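To keep things clear, I will list the structure first and then write my remarks on it.
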Amino acid sequence: MAGSAPGRAPARIRETTGLTRKEAARRLADTGPNEVTASRPVRLHKRILAQLTDPLIMVLLGAVVLTLAIGDHPDAIVIGMVVLVNTTVGVAQEIRADNAVAALSALTALHAHSRRRRLAAAPGPRRRRHGGLPR
């Protein structure tokens, strides 16, 4: 076999038994369940504000103010429309990305099987933590 010395039998692989129920319970109590905490959805006005505080957008908003100050209203309207379209597209992309992440999260496994002390157990993905070996 590859990796073994000539004339020697390959080393026997021992089966790992995983954690005891007591150790698994202790680790679960110490670190909590194996799950991603759901974050609160971002409010629409915060998304818009985040888009408007982008440095390039702030430069464009400054350009709108300056063009209005010098009386060039058509240019100010065009720059303002660019900012409006950019903000709308940015917010729409953020919302679509959040929806895609939520859809992917819904596809995760709801059940997991692990071995503890050579016994098969199905504690579910929330309780499988630290040392439970997949079957």
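Atom set for the values below is all heavy atoms of this structure, side chains included, hydrogens, waters and symmetry mates excluded. Small disclaimer: the values here were computed from a predicted structure and weren't measured.
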*Between atom CG of Leu84 and atom OG1 of Thr88, what is the distance when rounded to the nearest 0.5 Å?*
4.5 Å
*Considering all heavy atoms of both residues, which atom of Ala76 and which atom of Thr67 are nearest to each other, and what is their separation?*
CB-OG1, 3.2 Å
*Go through the structure and list residues passing side chain to side chain contact (heavy atoms under 4.5 Å, CB included) with Ile48, not counting sequence neighbours.*
Leu44, Leu52, Thr87, Val91
_All side chain to side chain contact (heavy atoms under 4.5 Å, CB included) counterparts of Leu60, not counting sequence neighbours_ = Ile57, Ile79, Val82, Val83
*Of all pairs that satisfy salt bridge (charged side-chain N to carboxylate O under 4.0 Å, His left out), the ones with a partner from residues 44-56, not counting sequence neighbours*: Arg47-Glu94, Arg47-Asp98
*Say you draw a straight line from CG of Asp72 to CD1 of Ile77; how long is it, rounded to the nearest 0.5 Å?*
9.5 Å
